Protein chains: 2
Amino acid sequence: MSETTNLHPGLSVDCVIFGFHENELKVLMLKMKQMDKWALPGGFVNIKEDVDKEAINILQRRTGLKDIFLHQFHLFGNVSRNNQAYVDKLVKKGVIEPDMKEWFQQRFITVGYYALVEFANVQEPTPDNISDKCEWLPLTELPDLILDHSEIIHKAHQTLKTQLIYQPIGINLLPEKFTMPELQALYETLLEKELDRRNFRRKMLAYDILIQTDERRKGGAHKAPILYKFDKDKYHQAIEKGLKSGW
Amino acid sequence: MSETTNLHPGLSVDCVIFGFHENELKVLMLKMKQMDKWALPGGFVNIKEDVDKEAINILQRRTGLKDIFLHQFHLFGNVSRNNQAYVDKLVKKGVIEPDMKEWFQQRFITVGYYALVEFANVQEPTPDNISDKCEWLPLTELPDLILDHSEIIHKAHQTLKTQLIYQPIGINLLPEKFTMPELQALYETLLEKELDRRNFRRKMLAYDILIQTDERRKGGAHKAPILYKFDKDKYHQAIEKGLKSGW
DNA sequence: ATTCATTGTGTCGTATTGACACAAACATAA
DNA sequence: TTATGTTTGTGTCAATACGACACAATGAAT
């Protein structure tokens, strides 16, 4: 794609794709070619395409997933986020073709989206044309990132934590059926704090968005926990109405 | 400003400026020249300027106010929000100069900001160069708006309502000193529902962000209510920490 | 059969919330 | 000066939600 005339000038989209695995929150990242730096999956916006749609496209190209929860959370529009030296470097290293140099030298703003995906559903994370790896990295120990991508991830995580106050979460981050301890582990990871097992169950059940199945997760070395699934109607209603009225 | 080369292409900023007066939530709107349509105060972004800063500039130019609460809430990026016929119309009516036509014909995305301002502080709302009036209009009975400005206002209001769950509000929307019933009226207006007088007071005081003065609002036909002011330190702490932990 | 970590259920005291009643204050009218 | 009407300040009470616990049930491993 050395053709940039169809792209919205100075505009990019970056996706913070969260996955949950082994009680750790992970982020899907791309390793830049020729550099020891990582970047968020992102891309540009076709003039004839909705910005939201391009975010969906990016998510799909990197993960193969469709119909995923994707939420626009912020526009990063500071002048300081642009870096000419960085573009020069990329051209010199051959990561960017010379005829694309002018495009990359524009002042860019980027729209941040975050997605929640079920870790196991992503079969093969796929690098794009400026990266050579696409991997899940733990949120807590991220390597050097390009530009302001650290800040973007941080803001995504903060937004997610705040949304947890008044919205349910779990669909897309957990498998179809899951146990109460698994759901709790998700919340504890997102919130970065421990919760009381019994109070968590009580409160979560009070939300009335779970359906108890008659199955249990076998194979663990201990008491087999009950499997639950989300009542999708009530779940989405809860997102609309909000869990807390507050007032 | 027929000079567009310094502007970020295809990017605009729109501000939903809320004011509170006579128990009504109002929005500062501009009446388009030569048309029976209204628009949000907005503008373009200089290449060398932060997007947030341009929003601040717009707010200042229309209201004369500085240091105001201003919150970026959404990027509107659908292709459908652009309208060529509308641009043609503006050029024909002489609202837009012909040499600006090309600029306006771009596909535009817009960043939405909302601001909360104390109604009385805005001395003279000032129109810009494509409008001939600048007035406060009640949120509940808005006239015909250009493009998707209705949607932008709606989204701003919704965001505001949601933020009310976990953040205090009032500074910038109320005078320095205010009564409890006035604060309650603000909440009721924002939330579009009535609240119990006594429970409201109890909960609000429990937030511990108010300072009771020893003055009362005189002149009303009834018992003179106590004047309160915000404890700005605690107020801003509450914004940081959030009023509800949720979990 | 015993062990042991984990899960399901329940209790108890406290804090928060929703629904009320009542007295005090203040301009206006008499 | 007093009475009136409405609004404001304060308090009560029951229902609910919440934080901190104890205990029994389960199931693979020993």
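To find a chain, count down the sequence lines: A is the first, B the second, and so on, and within it residues start at 1. Values in this document were obtained by computation on a predicted structure and should not be read as measured data.
A straight line from CD of Q212(A) to C1' of dT7(C) spans 12 Å, rounded to a whole angstrom. When the P atom of dT16(D) is taken as reference, atom CG of L243(A) falls 19 Å away, rounded to whole Å. Across the protein-nucleic acid pair, M204(A) atom CE and dT7(C) atom P stand 16 Å apart, rounded to whole Å. For the pair L183(A) CG and dT7(C) C1', the computed distance is 15 Å after rounding to whole Å. Atom pair D208(A):CG and dA17(D):C1' shows a separation of 16 Å (rounding to whole Å applied). Per the geometry, CZ belonging to F200(A) stands 17 Å off P belonging to dA17(D), to the nearest Å.
More than 12 heavy-atom neighbours from other residues, nucleotides or ligands sit within 6.0 angstrom of NZ on K203(A). Other residues, nucleotides and ligands contribute over 12 non-hydrogen atoms within 6.0 Å of the NZ atom of K37(B). Other residues, nucleotides and ligands place more than 12 heavy atoms under 6.0 Å from the CD atom of E141(B). Shown here is H154(B), whose NE2 atom has no more than 12 heavy atoms of other residues, nucleotides or ligands within 6.0 Å. Residue-environment remark: NZ (K155(A)) stays at or below the threshold of 12 foreign heavy atoms within 6.0 Å.
Between R81(B) and E151(B) no salt bridge is recorded (no basic side-chain N to carboxylate O distance below 4.0 Å). Using a cut-off of 4.0 Å between Lys/Arg side-chain N and Asp/Glu carboxylate O, R61(A) and D128(A) are scored as not salt-bridged.
Contacts classified as ring-ring contact (aromatic ring centres under 6.0 Å, His included) and involving residues 131-152 of chain B (residues at least two apart or in different chains) are given here: F119(B)-W136(B).
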message: Walk along nucleotides 10-19 of chain C from 5' to 3' and tag each nucleotide B, S or - by protein heavy-atom contact under 4.0 Å, base first, then sugar-phosphate.
response: B------BBB
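For Y114(A) and Q163(A), the side-chain atoms include at least one donor-acceptor pair closer than 3.5 Å.
Map G220(B) and M180(A) each onto its nearest nucleotide of DNA chain C; the residue landing nearer the 5' end is M180(A). The nearest heavy atom of DNA chain D to R216(A) and to L227(B) marks one nucleotide each, and the one closer to the 5' end goes with L227(B).
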Extract from the structure each pairing of a protein N or O with an N or O of nucleotides 3-6 of chain C at less than 3.5 Å, listing the distance.
unit_1, atom_1, unit_2, atom_2, d
dA5(C), N3, H222(A), ND1, 3.2

